[in-house]
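First the structure, in the form of structure tokens, and then the observations on it.
Throughout, a chain's letter reflects where its sequence line sits, starting with A, and its residues are numbered from 1.
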Amino acid sequence: MVVTRFAPSPTGYLHIGGLRTALFNWLWARKNDGKFRLRIEDTDKERNKKEAVDAIIKAFDWTGLNYDGEIVFQSQREDIYKKYLNELLEKGLAYKCYLTKEELEAIREAKMKGEEPPIDIRKYRDFKGELDKPYVIRFKTPLSGKICFEDGVKGMQCVEANEIEDFVIARSDGSPTYNFVAAVDDHEMGMTDIIRGDDHLRNTFKQLLIYEAFGWNVPKFYHVPMIHNEKGSKMSKRDGAVDVMEYKREGYLPEALLNFLVRLGWSHGDQEIFSIEEMINLFDPKDINKAPSRFNKEKLDWLNSHYIKNSPNERLEKLLRDDFGIDIINHDKKEILIDELKERVKTLKEMAEEIDKILTPPKEYNEKAVKKFIKDEVISNLREFLVFLNDKDPKLPPEWADAMHEFLEMKQIKPKFLMPPLRIAMVGDTKGIDLAALLSVLGKEEVKKRIAGLIAKFEVF
RNA sequence: GUCCCCAUCGUCUAGUGGUCUAGGAUACCGCCCUUUCACGGCGGCGACACGGGUUCGAAUCCCGUUGGGGAUGCCA
């Protein structure tokens with residue numbers, strides 16, 4: 001059985017790159033009828049934030065990625081780690097290191113400069129006694145030989161063992177560290193496939209040594225290239241929306257985001273649109289690309305508009321109400337309004353703003369539009385149209401269209417002397433949804449009111 | 001500094017030695033549709049980083065250069 005996982009550290013929101021990693025693991029597990037587990041890597045007490053776990057769960061809920069079993073918190077598994085830690089100590093595969101932070105800093109600085117470190121980092125590797133000083137536990141990496149593994153994305157990966165330093169597996173407060181607990185938990189939780197960012201590629205060698213020390217089976221690793229920002233480097237908070245929930249607030253549909261993310265580093269021929277089912281059927285981590293990709297908003301926008309167009313109105317109405325405070329559920333022309341708008345907007349937020357513009361009488365009129373279309377004879381046309389409307393009762397858009405054309409015919413005037421002005425009267429501008437639909441949505445009384453409003457403002461006595 | 005990874009249109013990508021005068025998508029531009037703005041339809045612009053090999057033949061294989069990215073923590 002395939003078992004995958006997503007293992008974030010609770011230091012903040014769910015990152016957009018993290019969501020793609022989670023998606024890949026989720027897809028692979030679902031495709032194979034396997035398990036997708038969620039594990040919170042909270043061994044660093046100083047950095048953990050209480051709200052972060054909630055934020056991550058909320059993001060999972062929103063995107064629809066469901067995990068199997070209980071969430072595993074590493075902070076609750078210290079006993080297990082202690083046991084394995086002692087085992088390594090007893091077997092002589094790990095040792096207590098009494099190097100101070102200052103000494104380590106000096107070593108690190110020298111290494112960066114390319115100089116010979118003043119102290120050997122392995123100083124206490126073969127030290128037999130006990131010192132009455134704080135210590136960390138380091139793993140004894142082999143002094144010679146190669147460490148290799150076959151990466152599912154990048155192929156055979158090898159490193160000289162002596163290039164991997166004796167890494168810390170327990171801090172001076174006794175708590176275990178990432179490379180150690182990740183290996184322990186991946187083994188204990190029965191991971192078969194680990195898909196993660198390629199910033200972990202180096203860590204894999206360390207984790208491999210832990211597997212080897214305990215004689216455990218090694219899972220299959222897939223290191224996927226990072227998602228870069230639009231400039232080509234690692235995404236950070238400065239790049240705008242990196243929090244997954246930010247996309248919800250901006251009016252993106254979760255399936256659009258997922259569709260966008262699955263195509264970053266993975267593809268299936270020329271196909272661009274993937275339903276969740278298709279993703280599950282077609283995804284295979286061995287097809288993941290080696291090159292990093294960049295986040296580009298235009299493509300996301302295009303996908304989002306595609307999914308908005310194809311969403312049932314009912315769903316859109318609910319999202320508009322729940323997420324954007326625009327409640328049109330009881331509006332008698334809501335179908336017309338949504339049908340018109342879903343064809344033209346990129347986000348739900350945009351849709352909400354457009355609805356608001358339509359339903360609220362214009363507070364001001366676009367200057368350029370007024371200059372171009374509102375002339376004295378136009379005002380008198382509108383006045384006559386108001387009278388003309390008294391004997392009419394148009395309701396649906398075609399009826400409004402008929403009414404306008406009849407008026408045009410009767411007066412023998414061109415559309416531009418009635419239609420653009422009407423639109424300006426309704427929303428203050430010349431852009432927007434189909435005019436007949438707009439009039440229909442507003443209804444005869446409101447239309448008359450807004451025409452009168454425009455006349456009052458611009459008529460010359 | 002050291003180690004590692006990567007390299008096709010601006011961006012996401014197809015492509016696994018001949019079917020490539022390199023395909024799709026997005027963005028951009030133009031035309032059509034249209035009272036407007038969008039949507040949609042049609043068309044256009046636009047790439048194999050460079051230099052050496054290997055081969056009858058290279059976007060595809062090898063080497064180097066350049067460029068970009070990552071790692072180098074008592075973070076994960």
- Task: Start with the C-alpha distance between Trp26(A) and Phe6(A), add both sets of side-chain angles, then the distance that settles ring pair (Phe, Tyr, Trp, His ring centres under 6.0 Å), and finish with yes or no.
- Result: CA-CA 8 Å; Trp26(A) 182 83; Phe6(A) 180 59; over 10 Å; no
- List the steps and the verdict of side chain to side chain contact (heavy atoms under 4.5 Å, CB included) for Tyr95(A) and Asp166(A). CA-CA 9 Å; Tyr95(A) 62 94; Asp166(A) 286 355; 2.7 Å; yes
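Looking at Glu272(A) and Arg263(A), a side-chain N of the basic residue comes within less than 4.0 Å of a carboxylate O on the acidic one, giving a salt bridge. Salt-bridge annotation for Glu446(A) and Arg450(A): present, with a side-chain N of the basic residue lying under 4.0 Å from a carboxylate O of the acidic one. Under the 4.0 Å criterion applied to side-chain N and carboxylate O atoms, Arg315(A) and Glu317(A) are not assigned as salt-bridge partners. A salt bridge is defined here as a Lys NZ or Arg NE, NH1 or NH2 lying under 4.0 Å from an Asp or Glu carboxylate O, and Asp301(A) with Lys297(A) meets this definition. Between Asp185(A) and Arg77(A), at least one side-chain N (NZ, or NE/NH1/NH2) sits under 4.0 Å from a carboxylate O, which counts as a salt bridge. Here Glu150(A) does not pair with Lys220(A) in a salt bridge; the nearest charged N to carboxylate O distance is not below 4.0 Å. Remark: Lys146(A) engages Glu160(A) in a salt bridge, criterion side-chain N to carboxylate O under 4.0 Å. Residues Glu165(A) and Arg122(A) are not paired through a salt bridge, judged by the lack of any N-O separation under 4.0 Å between the basic side chain and the carboxylate. Between Glu87(A) and Lys82(A), none of the side-chain N atoms (NZ, or NE/NH1/NH2) sits under 4.0 Å from a carboxylate O, so this pair counts as no salt bridge.
The partner of U34(B) is absent, by the rule that a Watson-Crick or G-U pair needs both atom distances under 3.5 Å. In this entry C28(B) has G44(B) as its Watson-Crick or G-U wobble partner, both defining distances falling under 3.5 Å. Using N1 to N3 plus N6-O4 or O6-N4 for Watson-Crick, or N1-O2 and O6-N3 for G-U wobble, each under 3.5 Å, U60(B) pairs with nothing. Pair check for U2(B) finds A71(B); Watson-Crick or G-U wobble, both atom distances under 3.5 Å. Using N1 to N3 plus N6-O4 or O6-N4 for Watson-Crick, or N1-O2 and O6-N3 for G-U wobble, each under 3.5 Å, A49(B) pairs with U65(B).
Rounded to whole Å, the P atom of G41(B) lies 15 Å from the corresponding atom of G24(B). Atom name P, nucleotides G30(B) and A49(B): the rounded distance is 31 Å, in whole Å. Between U21(B) and A47(B), the two P atoms lie 15 Å apart (nearest whole Å). Taking atom P on both nucleotides, C20(B) is separated from A59(B) by 13 Å, rounded to a whole Å. Look at the P atom in both G64(B) and C4(B): the space between them is 12 Å, to the nearest Å. Here the separation of A71(B) from U13(B), taken at their C1' atoms, is 27 Å to the nearest Å. Comparing U66(B) with G51(B), their C1' atoms sit 10 Å apart, to the nearest whole Å. G18(B) and C12(B): their C1' atoms are spaced 28 Å apart (whole Å).
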Using atom names, set out every protein N or O paired with an N or O of nucleotides 72-75 of chain B below 3.5 Å, distance rounded to 0.1 Å.
| unit_1 | atom_1 | unit_2 | atom_2 | d |
| --- | --- | --- | --- | --- |
| G73(B) | N2 | Arg47(A) | NH2 | 2.6 |
| C74(B) | O2 | Ser172(A) | N | 2.9 |
| C74(B) | O2 | Ser172(A) | OG | 2.9 |
| C74(B) | N3 | Ser172(A) | OG | 3.0 |
| C75(B) | OP1 | Arg171(A) | NE | 3.4 |
| C75(B) | OP2 | Arg171(A) | NE | 2.0 |
| C75(B) | OP2 | Arg171(A) | NH2 | 2.6 |
| C75(B) | O3' | Arg171(A) | NH2 | 3.1 |

Might you list the N or O atoms of the protein lying below 3.5 Å from N or O atoms in nucleotides 13-15 of chain B, with each pair's distance?
| unit_1 | atom_1 | unit_2 | atom_2 | d |
| --- | --- | --- | --- | --- |
| U13(B) | OP1 | Gly265(A) | N | 2.2 |
| U13(B) | O3' | Ser267(A) | OG | 3.0 |
| A14(B) | OP1 | Ser267(A) | OG | 2.8 |

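Distances from the side chain of Ser233(A) to the nucleotides G69(B), A27(B), U35(B) place G69(B) closest. In this structure, the nucleotide among C4(B), G24(B), U11(B) sitting nearest to the side chain of Glu272(A) is G24(B).
Atom CG of Asn304(A) is separated from atom C1' of U26(B) by 14 Å (rounded to the nearest Å). In this structure, the NZ atom of Lys113(A) is 15 Å from the C1' atom of U2(B), given to the nearest Å. A25(B) atom C1' lies 9 Å from atom CG of Leu303(A), rounded to whole Å. Nucleotide U11(B) holds its P atom 14 Å from the CZ atom of Phe260(A), rounded to whole Å. Distance His405(A) NE2 to U34(B) C1': 11 Å, rounded to the nearest Å. The distance from atom NE2 of His228(A) to atom P of G10(B) is 18 Å, rounded to the nearest whole Å. Spacing between atom CE of Met226(A) and atom P of C4(B) amounts to 19 Å, rounded to whole angstrom units. The distance from atom CG of Asp434(A) to atom P of U35(B) is 9 Å, rounded to the nearest whole Å.
Across all strands shown, Leu422(A) has no heavy atoms under 4.0 Å from either base or sugar-phosphate atoms. Across all strands shown, Gln271(A) has no heavy atoms under 4.0 Å from either base or sugar-phosphate atoms.
Between the base of G1(B) and the side chain of Glu115(A) there is no donor-acceptor pair shorter than 3.5 Å. Donor-acceptor pairing under 3.5 Å, judged by distance alone, is present between the side chain of Lys299(A) and the base of C12(B).
Here Lys231(A) does not reach the OP1 or OP2 of G69(B): none of its side-chain N or O atoms lies under 4.0 Å away. Considering only side-chain N and O atoms, Lys309(A) lies under 4.0 angstrom from the phosphate OP1 or OP2 of G40(B).
Annotation for Met189(A) and Arg37(A): closest pair CE-CB, 3.8 Å, computed over non-hydrogen atoms.
Heavy-atom distances to RNA chain B give each of Gly232(A) and Lys154(A) a nearest nucleotide, and the one nearer the 5′ end belongs to Lys154(A). Across the interface with RNA chain B, nearest-nucleotide mapping of Leu435(A) and Lys290(A) shows Lys290(A) to be the residue nearer the 5′ end.
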